[in-house]
Engineer: 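One structure follows; several queries about it will come next.
Letters go in sequence order (proteins before strands), and every chain restarts at 1.
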Amino acid sequence: MKLLNKSIRSYLVFATLLIIIAIPVFYFAIQRIVKEDVDESLIAHKEEIISKLEEVRHLDPYPFLEAFEPNLTISPAKIIRPDDKFYSISIYDSISNENIPYRVLESSVQLKNGAYIIKLKSSLLDSKDVIQSIVIVMTILLLLIIIGLILINRRLSKKIWKPFYSTIDKLHEYRVDNMEPFHFEKTEIDEFNSLNNTIASLSKRNQQVYQSQKEFTENASHEMQTPLAIFQNKLELLMQTDPITAEQAKIIEELANASQRMNRLNKSLLLLTKIENNQFLDKETVSIKDITDKLIEQYKFHTDKKNITVIAQIETDILLTANKTLIETLLSNLLSNAIRHNITNGHITIRSNQKELVIENTAKGDSLNKEKLFQRFQKQSTDSNSIGLGLEIVKKITTLYGYSIQYQFFDKSHRFIIQF
Amino acid sequence: MKLLLIEDEVELSKSIITYLKAENYVCEVAQDFKTAINKTESFNYDCILLDISLPDGNGLNVLKALKANKKTDGVIIISAKDSIDDRIAGLNLGADDYLAKPFHLSELSARIAAVIRRRHFDGNKVIVLNEITIDTLAKTVAISNKKIDLTRKEFDLLLYLVSNKNRVISKNAIAEHISGDEAEVFDNFDIIYAHIKNLKKKLLLADCPDYIKSVYGMGYKFNI
């Protein structure tokens with residue numbers, strides 16, 4: 001749930017509850033007040049009538065009086081009740097064709113010529129309308145206030161949280177290998193400034209660590225080249241010494257192989273750093289078909305030796321705008337893996353359609369560990385020739401150009417799929 | 001043949017000189033930029049081996065100075081920086097070749113021989129060793145004036161062995177020389193054995209003595 005909605009939701013719940021409770025309470029309160037008011041005026045009216053009745057001495061002037069006072073009924077009473085009685089009734093009105101509520105005051109009085117019951121009624125129709133109007137107006141007012149408050153709060157929150165959202169957006173785009181430092185706008189809110197400062201310094205530290213680590217790999221590889229060269233050249237000189245025994249020759253050969261391997265490892269590390277540093281800038285149109293054909297021809301000796309059948313089904317060529325060396329490295333790494341980790345009399349199938357290149361080969365063993373496959377020095381074979389950087393280089397090149405690479409194990413075959 | 005090695009790493013230059021002296025080259029060394037400029041201004045060399053990163057200057061400036069003085073010394077850049085840009089920059093400035101460190105001494109020797117052959121326009125493009133005649137321009141080989149048919153790789157291999165005659169060339173050096181980057185992908189030496197075997201067979205068929213010897217499996221030697 002979004003931050004904004006979260007706070008507004010609480011407001012909404014409160015406001016709805018308030019309206020549900022407040023409006024009936026309000027309605028009944030006003031109704032009560034109106035009733036009391038009507039009752040009071042009925043009593044006043046009654047007193048007035050009684051005092052008038054006292055003055056009239058005739059025995060039966062009451063129908064006459066009733067004629068003038070349509071809300072008054074006077075009838076003889078048998079017993080005198082000391083207190084007044086109020087009640088509400090509905091009377092059908094034939095003109096307006098509806099039931100009209102009335103408030104009635106029933107009171108017994110002792111006049112000189114006997115006891116009477118006086119019934120005084122007062123229409124509540126007007127006050128009902130008034131109550132309804134008041135409640136409606138109040139409801140509208142209440143709703144307006146609540147809606148207004150929510151809207152204002154929403155706008156205010158949006159404005160307040162805006163720097164926060166912009167920080168989140170910036171963090172989304174953050175990449176540790178991007179050397180651009182963060183630029184946060186200064187906000188009025190101290191907490192956000194503090195958050196931004198913390199993030200900025202954290203990211204700066206990360207970038208520095210990353211950078212120095214990258215530089216370390218680069219420098220180490222570069223610095224390693226001179227001693228490696230010295231080592232290799234001294235070995236070559238050692239080979240020239242005479243006499244040399246078979247035993248010594250064996251040791252020298254093993255040393256030479258080890259130095260060759262170090263050399264290769266170093267070169268691969270340098271290549272990785274170069275890819276990471278984006279040092280392969282020049283791009284051209286590269287034909288996947290041309291490179292594949294060239295590599296198949298180049299590796300013919302090795303495929304023939306293992307009697308591997310290479311089937312290249314590149315119906316439509318894929319043309320990429322990329323660095324040719326890198327694409328060659330990408331394909332030669334995958335293809336040479338397919339040869340090295342193949343069985344005798346095996347197969348290699350290279351298929352492509354417009355967007356996809358599939359390299360599939362019969363497998364020596366089981367499925368490779370997909371999670372570790374593209375990681376540095378994750379060798380999954382006992383082949384001492386492999387230095388464990390080939391697939392990482394492949395991954396780095398695909399990442400650089402935004403291609404995707406997938407591994408599948410299917411029908412005892414390794415399958416790599418590159419989507420361009 | 002006079003060579004100048006411009007290289008600040010003492011151990012490296014010692015190895016290079018030891019190897020090259022046996023080829024009857026006269027080798028001089030310049031360990032820094034200043035000495036290099038002085039030497040190249042005062043003398044002519046058949047081939048200059050130039051390290052780009054020197055403690056007191058960029059080796060490429062030595063190259064620029066050479067060209068400015070209209071010197072025609074052959075130049076091979078030996079650099080720890082193996083990048084295409086450096087390679088192109090060096091070659092554009094007029095270097096004859098570019099070799100990335102670490103390199104095999106046998107490779108360096110072969111490249112020097114090639115540069116010197118190219119620099120001398122007086123018909124030095126043919127190598128004659130007893131009955132073997134190698135025309136480096138036409139890329140043909142004749143045994144006792146009878147041409148033999150070699151593949152491109154076999155020719156390269158023979159020329160490489162001959163350029164380092166009477167030296168042991170390691171299998172790694174041969175692998176790198178004849179198959180380039182491929183050698184980095186496949187570590188087995190079968191491809192070398194195959195090429196050596198074929199070359200030896202073709203030479204023997206042409207009644208050429210067996211000069212190519214295996215040295216305890218650590219390398220090969222063209223013994224003459």
Engineer: So what's closer than 4.5 Å to chain B heavy atoms on Lys305(A): side chain, backbone, both or neither?
Structural biologist: side chain

Engineer: Does Tyr216(B) use its side chain to pair, donor to acceptor, with the backbone of Ile244(A) at less than 3.5 Å?
Structural biologist: yes

Engineer: Side chain, backbone, both or neither: which part of Lys221(B) has a non-hydrogen atom closer than 4.5 Å to chain A?
Structural biologist: neither

Engineer: Measuring heavy-atom distances to chain A, does Ala194(B) have an atom under 4.5 Å in its side chain, in its backbone, in both, or in neither?
Structural biologist: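 Ala194(B) touches chain A through side-chain heavy atoms alone.
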
Engineer: Any non-hydrogen side-chain atom of Val215(B) less than 4.5 Å from a side-chain atom of Met239(A)?
Structural biologist: no

Engineer: Could you check whether any side-chain heavy atom of Gln248(A) comes within less than 4.5 Å of a side-chain heavy atom of Met218(B), counting everything from C-beta outward?
Structural biologist: no

Engineer: Where the side chain of Gln240(A) meets the backbone of Tyr19(B), is there a donor-acceptor pair that is under 3.5 Å apart?
Structural biologist: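 No, the answer is negative, given that no donor and acceptor are paired below the 3.5 Å cut-off.
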
Engineer: Go through the steps to decide whether Lys101(B) and Gln232(A) satisfy the test side chain to side chain contact (heavy atoms under 4.5 Å, CB included), and finish with yes or no.
Structural biologist: CA-CA 10 Å; Lys101(B) 284 181 195 170; Gln232(A) 188 176 302; over 6 Å; no

Engineer: Considering only heavy atoms, which portion of Ser268(A) lies under 4.5 Å from any heavy atom of chain B: side chain, backbone, both, or neither?
Structural biologist: neither

Engineer: Report yes if the side chains of Asn263(A) and Phe103(B) come closer than 4.5 Å at any heavy-atom pair, otherwise no.
Structural biologist: no

Engineer: Distance-only, no hydrogens or angles: does the Glu11(B) side chain make a donor-acceptor pair with backbone N or O of Ile230(A) under 3.5 Å?
Structural biologist: no

Engineer: Hey, which of Pro227(A), Ala249(A), Ala256(A) has the most heavy atom pairs under 4.5 Å with chain B?
Structural biologist: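 The option with the most such pairs is Ala249(A).
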
Engineer: Is Glu236(A) reaching over with its side chain to a backbone N or O of Ile169(B), donor-acceptor style, under 3.5 angstrom?
Structural biologist: no

